[in-house]
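Worksheet: one structure, shown below.
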Amino acid sequence: MSLTPIGEPRHKVTTATLRDQKLHHEPITCLTAYDYASARLVDEAGIDMVLVGDSLAQTMLGYENTLSVTMDEMLHHVKAVRRGVKNALLGADMPYGSYQLDSKTAVSNAARFVKEGGAEVVKIEGGEKRADLIRQIIDAEIPVAGHIGLTPQSVNVMGGYKVQGKSLSGIEQLMRDAVALDRAGVACLYLEGIPREVAAMITGEISAPTIGIGAGPECDGQVLVFHDILNLTFGPPAKFVRRYGDAAALITNAVQAFRADVRSHQYPADEESYHLPKETKTGLDTVLARKRAMGR
Ligand code: KIV
């Protein structure tokens with residue numbers, strides 16, 4: 001195992017690194033990030049892959065689901081994250097409507113993420129029916145991450161956010177999807193919301209690294225949403241979410257303390273204020289004293 005100790009200088013992570021990690025059973029770590037500050041923190045903490053997920057529709061923009069977010073909105077965030085990420089592999093989610101309509105538009109949107117946003121991988125939801133499109137995007141020299149199982153862009157077709165692959169036919173479909181995308185050449189495959197046993201079978205069957213979210217511990221790596229692990233989502237978390245911090249409490253306490261300090265004249269203090277240079281102050285005092293003496 002070649003785990004880089006926390007705090008050690010790191011090398012640039014590439015799609016080849018992910019494959020290497022699968023080969024050597026070194027778990028791949030992935031988190032979402034949506035802006036410069038979170039991207040820097042995630043990258044500097046040593047995470048292997050940073051994903052600008054279309055989950056930003058909800059976490060950053062307050063939409064109800066991921067269907068409304070546009071290419072331009074995604075690009076705006078990908079560019080900000082690019083400026084914060086140095087070593088991690090940078091992935092960008094193709095939003096709903098940017099690749100489902102026709103393959104020419106899909107390839108050109110994927111190229112925008114690379115050219116304008118600096119993304120190194122683009123992620124596409126869907127199984128075997130996306131295999132041809134994925135080949136075309138790879139032909140344009142753009143690495144692709146697949147995403148199967150509970151695919152949030154299909155929420156209306158699935159009839160809600162439901163765990164997939166619970167029946168024998170569902171398992172067979174997921175296996176067909178995984179194998180088709182592996183053959184198409186995906187750089188990695190995200191497995192979302194599927195039983196642990198099914199994710200383990202897929203992980204053992206395909207050569208591409210699997211990155212799970214709600215897919216159990218046998219995946220080659222794990223991804224979580226930045227806002228989920230920090231309690232910034234304003235609702236009950238999904239079963240698979242583990243909270244690693246309470247940023248909501250931290251932010252609320254800081255904001256309330258600022259408000260209280262301003263209202264009680266505790267902020268700003270003298271040492272938090274700028275002062276005039278000594279000579280200017282003496283001159284000003286003289287002018288004010290003269291005005292006072294003249295009764296003005
Ligand atoms: O949009 C997203 O954040 C995602 C992952 C968490 C896989 O697609």
Side-chain angles (χ1 to χ4, degrees), residues 1-6 10 13-33 41-43 45-51 53 55 59 88-89 91 93 121 123 125-127 145-152 158 161-168 170-182 186-233 235-246:
M1 216 141 59
S2 60
L3 263 188
T4 311
I6 288 166
R10 297 196 305 146
V13 178
T14 65
T15 53
T17 318
L18 301 190
R19 285 196 175 249
D20 213 43
Q21 286 184 243
K22 177 173 179 119
L23 220 58
H24 294 96
H25 304 288
E26 186 183 320
I28 297 163
T29 56
C30 180
L31 276 175
T32 65
L41 293 170
V42 168
D43 184 60
I47 291 292
D48 298 309
M49 183 167 183
V50 172
L51 175 69
S55 50
T59 57
L89 182 66
D93 241 344
V121 178
K123 179 162 81 59
E125 292 185 10
H147 183 167
I148 61 171
L150 193 174
T151 45
M158 293 183 302
Y161 298 105
K162 294 180 180 149
V163 173
Q164 302 293 300
K166 293 213 283 192
S167 63
L168 284 182
I171 297 169
E172 277 166 13
Q173 182 60 56
L174 279 175
M175 287 304 293
R176 273 200 302 276
D177 289 337
V179 169
L181 298 192
D182 194 36
V186 288
C188 58
L189 181 61
Y190 285 82
L191 302 177
E192 177 164 357
I194 65 176
R196 162 180 190 173
E197 298 83 353
V198 181
M201 277 166 56
I202 293 173
T203 301
E205 186 68 26
I206 66 172
S207 60
T210 59
I211 303 181
I213 174 160
E218 284 85 10
C219 297
D220 297 307
Q222 298 291 329
V223 57
L224 282 174
V225 166
F226 183 84
H227 287 54
D228 280 341
I229 68 167
L230 289 166
N231 188 26
L232 283 171
T233 46
K239 176 179 183 166
F240 56 81
V241 169
R242 190 179 290 180
R243 296 255 194 250
Y244 286 92
D246 192 351

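Positions are given from 1 along the sequence.
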Report the C-alpha distance between Val121 and Leu89 in whole Å, list the side-chain angles of each, state the deciding distance to 0.1 Å, and finish with yes or no for side-chain contact (heavy atoms from CB on, under 4.5 Å). CA-CA 8 Å; Val121 178; Leu89 182 66; 3.9 Å; yes
Give the minimum heavy-atom separation between Leu224 and Val241, together with the two atoms involved. CD2-CA, 4.4 Å
Non-hydrogen atoms of Tyr190 and Cys30 that approach each other most closely: OH-SG, 3.4 Å
Does the Gln21 side chain pair with the main chain of Pro27, one donor and one acceptor, at a distance under 3.5 Å? yes
Let me confirm one number: the OG1-NE2 distance from Thr17 to His24, rounded to the nearest 0.5 Å. 12.0 Å
Can you check side-chain contact (heavy atoms from CB on, under 4.5 Å) on Glu205 and Val179, steps first, answer last? CA-CA 8 Å; Glu205 186 68 26; Val179 169; 4.2 Å; yes
Heavy-atom nearest pair, Val225 first then Ser55, reads CG2-OG, 4.1 Å
Say whether, by atom type as modelled, one donor and one acceptor occur between the side chain of Arg243 and the main chain of Leu230 under 3.5 angstrom. no
Test your reading of the model: is there a side-chain donor-acceptor pair from Asp48 to the backbone of Thr29, 3.5 Å cut-off? yes
Taking atom CG of Leu189 and atom OG of Ser207, what is their separation to the nearest 0.5 Å? 10.5 Å
So how far is it from Asn231 CG to Tyr244 OH, rounded to the nearest 0.5 Å? 14.5 Å
Here the pair of heavy atoms bringing Pro152 nearest to Glu192 is CD-OE1, 3.8 Å
Does a donor on one side chain sit under 3.5 Å from an acceptor on the other, for Thr203 and Asp220? no
CD (Glu172) and CZ (Arg176) are apart, to the nearest 0.5 Å, by 6.5 Å
What verdict does the side-chain contact (heavy atoms from CB on, under 4.5 Å) test give for Ile202 and Ile194, after you've listed the backbone C-alpha separation in whole Å, the side-chain angles of each residue and the deciding distance to 0.1 Å? CA-CA 11 Å; Ile202 293 173; Ile194 65 176; 4.1 Å; yes
Could you measure the distance from the CG atom of Asp43 to the CG atom of Leu31? Nearest 0.5 Å is fine. 11.5 Å
side-chain contact (heavy atoms from CB on, under 4.5 Å) evaluation trace for Met201 with Ile171: CA-CA 10 Å; Met201 277 166 56; Ile171 297 169; 4.1 Å; yes
Side chain of Thr32, backbone of Phe226: donor and acceptor closer than 3.5 Å? yes
Tightest non-hydrogen contact, residues Cys219 and Leu191, listed as SG-CD1, 4.2 Å
Mind listing the closest non-hydrogen atom pair of Val163 and Leu150 along with its distance? N-CD1, 4.3 Å
Would you find a donor on one side and an acceptor on the other, under 3.5 Å apart, between the side chain of Glu26 and the backbone of Leu18? no
Between Lys166 (side chain only) and Pro195 (backbone N and O only), is there a donor and an acceptor less than 3.5 Å apart? no
